[in-house]
Undergrad: 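One structure, pasted below without further comment.
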Amino acid sequence: MSVPAPVCVPDSFSFPHVKKRGIGHAHGRGHGHEEENAFSLMLQRILSLDYPCPMDVEILSRIQFAFTITFHYIYPPLSIGLSIALILMEAMYLKTKSLLWQKMTKFWLKVFAMTFALGVATGIPLMFSLGTNWSRYSRFVSDVSGSLLGAEGMFAFLIEAGFLGVLLFGWKRVSPKMHFLSTILVSLGAHFSAIWIVSFNSWMQTPAGHKLTTLPDGTTVAEVANWWQVFLSPSNLSHLAHVLLGAWMAGAFLIISVAAFYMLKKEHLDFARRTFKVGLLMALVTSCLQLISADHLARTVAKYNPEKFAAFEGVYRTQTPTPAYIIGIVDSQNETVHGLSIPGLLSLMTYRTTKTAVPGLDQFPREHWSPVGAVFQLYHLMILLWGAMTIVALIGGYHWWKKRWNIRPILLKLMVISVLFPQLANIAGWYSACMGRQPYTVYKLLKTSEAFSPVITKGQVIGSLIMFVVMYLLFFVLFLVLLNRKIKAGPDVGMQDEQLPYRPI
Amino acid sequence: MDTLYTAQLIMYLVFLFSIIAYTTLDGFDLGVGCLHLFAKGDKERRLMINAIGPVWDGNSTWIVIGGGVLFAAFPKAFATLTPNLYTPFMLMLFGFMLRAAAIEFRSKGHEAWWTKVWDSGFFIASLVLTSIVGLILGNLIQGLPLNAKGELEGGLSTLLTPYPLLISLFGLSCFTMHGALFLLMKTEGPFHDKVRRWAHKATWAFLSLWLISSLATFFYHPRMLGPFFKHPTIGILPLLSFLAILSIFLQLRKKNDGLAFLASCLSIFSLLTLFAIGTFPNIAYSSLSPENSLTFMNSSSSELALWIMVGVTLTGAPLSFFYFPYVYKVFKGKVELDAHSY
C-alpha cells in the first residue's frame, strides 16, 4: 500500500478569499486583523469538514479499514484460542472435581469474556463500513457472498450472544453439565464466525462459482451461480485451517506467557505449572500443524494467485530452479532482492521438484504488481515469528518432559514476551495476503480504486477515522491495563466467596 | 405470485423482523441506559447495569442481523443508505462501542472518577444511539431526498427536519419507558419504588408524544395511512396498537409489572408493524421522485441468492427461537449482585 505521508498541506484554493487576505499581509497591513481572520478561517474549516488534505476518500478509507481491522483482530483469535483451552479445563474439572482446574477455568473465563466483548465491540463497525466506505465493493459482492455474512449472523452471532450470558453469569443458575455445554456452544459459535468470515475473504482471493451480470441501472455485479463453489472457493479450506491454527496459537501463547510470568515471580506455582502444561500442549500441537497448513496454503497461493506468490517470495525473475529467501531486502528500483537465499528451495517447496520454475513478476504486467517490498517483508516476518514460537514451544516441552520446573529466568522471560509472536504473525499474515492481492479488492474482478463509496467526503472519513482511532486505542489500552491487573491480582481473587460455583444438583 | 417476488418478500419480512426484534429487545436496555444517570449511588447503578448484563449483548446482535440481511438480500439499499447516511451511522457505531466499553469497564475499577466517567459514557452512548434510531426511522417515513443517482440531494442537513426530530424524541420516550418497565421487573425495595416513579413519568411522556406523532403523521405524511384505507381489514391493526398502548398504562397502575412490560413490547412491535405497512414496499422512499425510491423489489439480490438466504435463515433462526427464551428463563427474577456481576 503506497500511502502518501499523512501530512495535511494547506492549500487555499478551496477558500479563494483567503488568498486575497494573504496578499494583504504581504503589503504590511495590521496584524490583529490577520489573526482574527486566521481564527475564523480555522473555525470555518473545522465546521465545514472541508480539510485540505492530499489524501482522497479511497486512501483514507483504506487507512480506516486497515486500522480498524488490525485493532479488531487482536481479540477474536484470543477468544477462539482461549475457548479451546476453556473446554479442556472445564472438562478436566468436571472429570476430576479438582479445585485447581476450577480455578483455572474461572481465571481464563474472565480473560475470555474480555476478549470476547472487545471482539464484538470492535467487529460490528467493520460490517457497516463495507457499506459506508466501500459501497461499490459491497454492491459488487453482496449477491455472491452476502449469504456468507448472513450465515455468520444467523449461525455464529446468535449462538454466541445467547450462551455467553449463561457462560459468564450462569454459574449458580444452571447445572454443571449445562454450563459445560454453554462453554462448548460459545466456542463453536466463535469457530463458526471464523468459518464464515474466512470463506467470505477467500472468495475475494480466489473467486469461483459466480457470473458477472450488468443490472438495469448499469452496475456490473457478481451474481451467485453455484453457492457451494462460492462457499468452498479454491483457497477456502487452506485459509481456514491456517487462520484457526493461528487463533489457537494466539490463545496458547497468552496462556504460556501468563504461566511463565507467575513462575518468574514464583507465585501461584501450582496454578502456573498446570496452566503452563495446557498452553504448551496447545502450542506444540498447533506449531506442528501450522507447518503442514502453511505449506498447503503457500502452494494454493502459488497455483491460484501467482503474482501474489511471486511478491511473497520476492521472485522478480523467473529462473529454474527458483531460490527461496530466508531474509532479505527488496530493491524495487533494480527489481531484485538482496539477502540470504537457498538455491532451488522455492521450486522444491512449491512443486516438490527442482526442475520447475516459480513464475516471477516478469511474467505479469506491471499494473498487476502489489507493493512487493512490504508484502515480502510481512510474509517473511510471519514465517520468522512461527520459527520463534516453535522454539519457545520446544523449550517448554523439553522442560515438561524432563519435569524440570526450575526453568532459567532468561527462558521464562522469553516465554513471557512470546505472547506477542502469534499476534504479530497473524497481523503480518493478513496484511501480506490482502496487500499481495492489490491492486484488486476482488482478485481480477474488482480494483480497489473502483470499490470505495463515491458519495462520501474526505471530511466525513477524516472525522470517522479520528473517532475510530480514539475508540480502538482506548479499547486496546484498557484491555492491556485490565489484563495486567487481572494477572497481577492472581487466580485466587474472587474465588474465596464461592466454594460452590454451580447450583447444587 | 412468482417465485422471485416470494423470495424478495420473505427476505424483506426477515429484515423487518430483525429490525422489530432489535427495537423491542435492545429498546429496553437502551432505555435503561437513558435512565442511568437518574439512579443515584453505586449500588443503584450497578443494579441497573446488571439487570441488562446477561442480555444486552444478545439484544444488540439483532441490528447486526438486520444489517447482514440488508447487505445480502437488498444490496442496492445497503450500498445506497449506508454511505449516504455516513455520519448518523458513524455516530451510531460510536454509541455502540462506547456503551460496550462502559458496561464492560465500569466494574473493573473502584475509583470515584472511573465509575463517574463510565456512568456518563453509558448514559450518553445510550442517548445518542436511541436518538439516531428514531431519527433514521423518522426520515424513512418522511422520505429521503434520493436522486436518480442514489445520492442525497442537499446533503445530511436535510435529515434534521422537524418531523424526524419529533420521531426521534418519541423514540427516546418510548425506549425510556420500555427500560423503566423492564427495571420494575428486575428490582425490589426502595429502588423499585423510585423506578416506579420514573415509569409513570416516562409513560406519560410516551403517551403525549405518541399522540403528537400520530397527529403529525396523519397531517404531514398521509401516505403512511394509505394502505389502511385501501385494505380496511388491516385497519384493525392501529386499533390493536392503541389497545396495547392503553394497557401499558392500565397494567402499570395495577402494578402488574410483568404485564406492563409485555404490553410495552407489544406496543413497540405494533408501532413498527404499522411503520412497515405504511412504508410498504419501500425500504427508503424518495421524497424527490417515487421512481428513485428503493423498494424491496428493485434493490434485491438475484433470485438464487435470495433463496440461499431464505435457506440460511430457515436453518439458523429456529435455533434462536429455542435458545433465546431459554436464556431469558435462566436469568428471570430480581437482580442480585455477586462476584460475577458487573
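Just so we're on the same page: letters track the sequence lines, and every chain starts at 1.
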Undergrad: Are the side chains of A/Trp227 and B/Leu304 in touch, meaning some heavy atoms are under 4.5 Å apart?
TA: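 Result no, sub-4.5 Å side-chain heavy-atom pair not found.
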Undergrad: By a 4.5 Å heavy-atom criterion (distance strictly below it), what part of B/Leu98 contacts chain A: side chain, backbone, both, or neither?
TA: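 Both parts, heavy atoms under 4.5 Å.
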Undergrad: Indicate yes or no: at least one non-hydrogen side-chain atom of B/Glu104 is less than 4.5 angstrom from one of A/Val120.
TA: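 With C-beta onward as the side chain, the pair stays apart.
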Undergrad: Determine the minimum heavy-atom distance between A/Ser147 and B/Ala72, stating which atoms define it.
TA: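 Where A/Ser147 meets B/Ala72 most closely, the heavy atoms are N-CB, 3.9 Å.
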Undergrad: What heavy-atom pair brings B/Ala101 and A/Phe475 nearest, and what distance separates the two atoms?
TA: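 Minimum heavy-atom contact is CB-CE2, 3.4 Å.
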Undergrad: Could you look at A/Leu130 and say if it's the side chain, the backbone, both or neither that has a heavy atom under 4.5 Å from chain B?
TA: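 Both parts, backbone and side chain.
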Undergrad: Between A/Gly153, A/Ser464, A/Ser142, A/Ser135, which shows the greatest number of heavy-atom pairs under 4.5 Å with chain B?
TA: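 Max contact count across the listed options: A/Ser142.
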Undergrad: Using non-hydrogen atoms only, which part of B/Thr80 is less than 4.5 Å away from chain A: side chain, backbone, both, or neither?
TA: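 No part of it gets close to chain A.
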Undergrad: Can you measure from OG (B/Ser107) to CG (A/Leu482) and round to the nearest 0.5 angstrom?
TA: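 Going from OG on B/Ser107 over to CG on A/Leu482, the span is 8.5 Å.
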Undergrad: At a heavy-atom separation under 4.5 Å, does A/Phe468 approach chain B through its side chain, its backbone, both, or neither?
TA: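 It is the side chain, since no backbone atom gets that close.
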Undergrad: Could you have a look at B/Leu306, B/Leu81, B/Asn298, B/Thr61 and say which one has the most heavy-atom pairs with chain A under 4.5 angstrom?
TA: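 Looking at each of B/Leu306, B/Leu81, B/Asn298, B/Thr61 in turn, B/Thr61 comes out on top.
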Undergrad: Closest approach of A/Met154 and B/Ile65, non-hydrogen atoms and distance?
TA: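 Taking every non-hydrogen atom into account, CE-CG2, 3.9 Å.
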Undergrad: Given heavy-atom pairs under 4.5 angstrom as the criterion, report whether the side chain, backbone, both or neither of A/Leu185 touches chain B.
TA: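 Answer is neither: A/Leu185 stays 4.5 Å or more from chain B.
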Undergrad: Out of B/Pro75, B/Gly67, B/Ala100, return the one with the most heavy atom pairs under 4.5 angstrom to chain A.
TA: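 Heavy-atom pair counts peak at B/Pro75.
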Undergrad: Report the distance from atom OG of A/Ser129 to atom CZ of B/Phe89, rounding to the nearest 0.5 Å.
TA: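 If we round to the nearest 0.5 Å, A/Ser129:OG and B/Phe89:CZ are 12.0 Å apart.
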Undergrad: Contact part of A/Val455 toward chain B, heavy-atom cut-off under 4.5 Å: side chain, backbone, both or neither?
TA: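 Answer is side chain: those atoms of A/Val455 sit under 4.5 Å from chain B.
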Undergrad: When you compare the side chain of A/Tyr472 with that of B/Met97, does any pair of heavy atoms fall below 4.5 Å?
TA: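 In contact.
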Undergrad: Taking every heavy-atom pair that is under 4.5 Å apart, which of A/Ser138, A/Ala113, A/Gly150 has the most such pairs with chain B?
TA: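 Ranked by contacts with chain B, first place is A/Ser138.
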Undergrad: Given that the side chain runs from C-beta out, which part of A/Arg485 has a heavy atom under 4.5 Å from chain B: side chain, backbone, both or neither?
TA: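 Interface part for A/Arg485: side chain.
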Undergrad: For the atom pair CD1 (A/Ile466) and CE (B/Met90), what is the distance rounded to the nearest 0.5 Å?
TA: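 It is 13.0 Å, given to the nearest 0.5 Å.
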Undergrad: Please report the shortest heavy-atom distance between A/Leu474 and B/Trp118, naming the atom on each side.
TA: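 The pair with the smallest heavy-atom distance is CD2-CH2, 4.0 Å.
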Undergrad: How close do A/Gly146 and B/Met309 get, heavy atom to heavy atom, and via which atoms?
TA: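 Distance-wise, the nearest heavy atoms are O-SD, 4.4 Å.
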Undergrad: With a 4.5 angstrom heavy-atom cut-off, is it the side chain or the backbone of A/Met467 that approaches chain B, or both, or neither?
TA: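 Contact with chain B is through the side chain of A/Met467 alone.
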Undergrad: Checking B/Ser302 against chain A: side chain, backbone, both or neither under 4.5 Å from a heavy atom?
TA: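 Its backbone and side chain both get close to chain A.
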Undergrad: Tell me, for A/Val144 versus chain B, whether the close heavy atoms (under 4.5 Å) come from the side chain, the backbone, both or neither.
TA: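 Interface part for A/Val144: neither.
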Undergrad: Are the side chains of B/Thr82 and A/Trp134 in contact, using a 4.5 Å heavy-atom criterion?
TA: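 Sidechains of B/Thr82 and A/Trp134: no contact.
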Undergrad: If you take all heavy atoms of A/Phe155 and B/Val312, which pair is closest and at what distance?
TA: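 Closest pair (atom of A/Phe155, atom of B/Val312, distance): CZ-O, 3.9 Å.
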Undergrad: Quick one: what part of A/Ala151 sits under 4.5 Å from any heavy atom of chain B, side chain, backbone, both or neither?
TA: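 It is both, since atoms from each part get that close.
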Undergrad: So which of A/Val230, A/Val481, A/Thr219, A/Val461 has the biggest tally of heavy-atom pairs under 4.5 Å with chain B?
TA: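 Among A/Val230, A/Val481, A/Thr219, A/Val461, the one with the most close pairs to chain B is A/Val461.
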Undergrad: So, taking the atom named CZ in A/Phe128 and the one named CZ in B/Phe71, what distance separates them when rounded to the nearest 0.5 Å?
TA: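 Those atoms lie 11.5 Å apart.
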Undergrad: Does any heavy atom of chain A fall under 4.5 Å from the side chain of B/Ser300, the backbone, both, or neither of them?
TA: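 Answer is neither: B/Ser300 stays 4.5 Å or more from chain A.
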Undergrad: How many angstroms lie between OG1 in A/Thr132 and CG in B/Leu93, if you round to the nearest 0.5 Å?
TA: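 It comes to 7.5 Å.
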Undergrad: Please report the interatomic distance CD1(B/Ile308) to CH2(A/Trp228), rounded to the nearest 0.5 Å.
TA: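 It is 10.0 Å, given to the nearest 0.5 Å.
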